[in-house]
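Notes to accompany the following structure.
Residue numbers start from 1 in every chain, and the chains themselves are labelled A, B, ... in the order their sequence lines are given, proteins ahead of strands.
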Amino acid sequence: MESFLQQLINGISLGSIYALVALGYTMVYGVLRLINFAHGDVYMLGAYFGFYLSRILQGRTPYHLLDAALVMFLSMLGCAICGLLMERFAYRPVRRASRLTMLIIAIGLSLLIENAGQLIFGANPKFFPQLIPESHIKLGGLMLTNQQVIVLLTAVTLMILLNLFIYRSRTGKAMRAVSFNMDAAKLMGIDTDRIIALTFALGSALAAAGGILVSINIPGIDPLMGVMTGLKAFVAAVLGGIGNIFGAVLGGLILGLAEVMVAGYGSSTYRDAIAFLILIVILLFKPAGLLGKGAVEKV
Amino acid sequence: MKRIFFVLSTLSLLGLLQWGVTTLLLDGPIRQGPYYYQILILAGINIVLAVSLNLTNGIAGQFSIGHAGFFAVGAYMAASVSYYAGPAIRGLVGFLPLAGQDAAVLLLALAAAALATALAGLLVGIPSLRLRGDYLAIVTLGFGEIIRVLILNIDAVGGARGFSGIPKLSNFFWVYLLVAAVIATVGNLLRSSYGRAFIAIRENEIAAQAMGIDVTRHKVLAFVISSMFAGMAGCLFGHYTMYLHTNSFTFVKSFEIIIMIAIGGLGSIEGAVLGAVLLTVLPEAFRGFESYRMIIYSLALILIMIYRPQGILGQASVLKRLGARMAARRSAQGNVPVTAPAADGGNGG
């Protein structure tokens, strides 16, 4: 029972990271109907920004939580700028082209970031510095690290902030309008280009947060770390119903839990397949995902 | 009669080319001959993959990104046939010369690969083709990855060690025979009522259904044919490299095939061929740039898509234009009427 609870906590911790990355996918898909395959690589960039920033800051002692927050904030900012650049120079020129064109550009961007990353950062894994000194918290029979707690709290805080932004602010309302119907939103005087750019920036910042939070728990980072995580986060987004914010969080949690349970009780070699298996089973019964609304096609 | 003549002439042409290529590149005077030979083989296999994927993605309009999974099923199936059953087959056809025995083993492996992947395509296709657009794409991607993880866990085919000890049975002749077969099949399908139904489904599924086309049946058909050819390409791939590892069949390979057909021109057979050749040859040509190679490649991909989103050839078909010109010339000579004169009172009977 205790080991089950332990796995449960590990699963939620992993799931909240998938959820953070999945949010970026689902937001971009919501406004542009584009699967942004380069999103997983933005997550990788976030981890590397964090790596270099904390190396700069590490000269200063004492080193405390405020520094970790600063590293996180600056990397999120850096990735938001990357997201803006991607949108402006790769996606905006083809916004009127077919969906396939955008998809191929996304694949191209993903390859570009991965290979440029291998050239600039080096292909070998790097060891992410310990931003937060590790300590253990005993809770009944359970063993938690303070890092797990911080990761979970940060992820939840970011999700709540995003939720407030989307459902309570004027810009969030505009974003929902664009995702509902872009042309109508434009007619209502919404600057759709600005909203789309903002969506990319927000999604990329969340991916960066995910990258740093993962690296706090698992310190090895390499330029290809975003490939599998990105793919699974995307699966999480589809699972929950792509375009739906709560769906992304739900999908992320399901995926994280399933993976940890399969690795814990089954065979870890099947770990990478379970995400897809769950996805296929759910899509066969609910073709628009768990929380997605089935769109009726009009003739 | 004409068809038999066509097949025979293709076979003898390929045999002649095989002889030419072997003497020139493998035993011949050209330095790095075997390297060029390998590029030639890989280009052929990529052409088969691209043309077959084009049937589902470009012609029937069903966006599949799991082609590498079927490629893997075919490769592993065929390899295990020739690895485990090869000696027995050789015993059965022991009266043939060595080349004949090789051919018998390869043909059986090819048949097994085709059967297994067609079945896999059917199993994957029937449930997933109910989904549309991006959902179909992600489900096929998922199936591709599941197939890969399953193979990784089968110890009889090497698992994570990879499958080694596969006999080298495929060569230029077999690869380009398959190229000819896939181009002929897809080309003929395009001109048949099936092809028109595929295109109708691509253009508008609801309208196609209203016209009485059995949408699901046609989609599954396109999917099964397409995965069958991918499996046969896998068979020839495994019997050329003599070693298989699941790392060659990740979703990155599926992306690569999609890039081939998108760069060449979605829905056009010539485009798929061109894209496959370009994507095989160009990365090799860029080898001089070392680590910048992949950066140039991805930048080129983005720029092509921004400035020529319909692909290099687009929907244009060189063959079709050529055919039309020939038909026009013939009709000008008065030999063959292009359109049957309907209103001139029949044939005088």
At their closest point, which heavy atom of Gly108(A) faces which heavy atom of Ser298(B), and how far apart are they? O-CB, 3.5 Å
Where on Leu152(B) is there a heavy atom nearer than 4.5 Å to chain A: the side chain, the backbone, both, or neither? neither
How many angstroms lie between CG in Leu299(B) and CG in Leu112(A), if you round to the nearest 0.5 Å? 5.0 Å
Part of Ile242(A) within contact of chain B (heavy atom distance under 4.5 Å): both
Does any heavy atom of chain B fall under 4.5 Å from the side chain of Leu279(A), the backbone, both, or neither of them? side chain
Of all of Leu231(A), Ile274(A), Ile113(A), which one pairs up most often with chain B through heavy atoms under 4.5 Å apart? Leu231(A)
Report, as yes or no, whether the 6.0 Å neighbourhood of atom CZ on Phe285(A) holds more than 12 heavy atoms from other residues, nucleotides or ligands. no
For chain A, the option from Thr250(B), Val149(B), Asn153(B) that forms the most heavy-atom pairs under 4.5 Å: Asn153(B)
Output the distance between atom CG (Leu283(A)) and atom CD1 (Ile138(B)), rounded to the nearest 0.5 Å. 8.5 Å
Looking at every heavy atom in both Ile295(B) and Ala116(A), which two are closest together, and how far apart are they? CD1-CA, 3.8 Å
Are side-chain heavy atoms of Leu103(A) and Phe63(B) found at a separation under 4.5 Å? yes
Taking everything shown except Tyr243(B) itself, do over 12 heavy atoms lie less than 6.0 Å from its OH? yes
Ile306(B) CD1 to Ile105(A) CD1 distance, which is reported to the nearest 0.5 Å: 4.5 Å
Top residue by heavy-atom pair count (under 4.5 Å) with chain B, among Leu111(A), Leu109(A), Ile280(A)? Ile280(A)
Heavy-atom cut-off 4.5 Å, strictly under: side chain, backbone, both or neither for Leu119(A) against chain B? side chain
For the atom pair CE (Met294(B)) and CD (Glu114(A)), what is the distance rounded to the nearest 0.5 Å? 8.5 Å
From Met228(A) atom CE to Glu145(B) atom CD, the distance as rounded to the nearest 0.5 Å: 4.5 Å
I want to check something: taking the side chain as every heavy atom from C-beta on, are Val227(A) and Phe251(B) in contact at a cut-off of under 4.5 Å? yes
Name, in order of residue number, those residues of residues 82-96 of chain A that have a heavy atom at a distance of less than 4.5 Å from a heavy atom in chain B; otherwise write 'none'. Phe89(A), Ala90(A), Pro93(A), Val94(A)
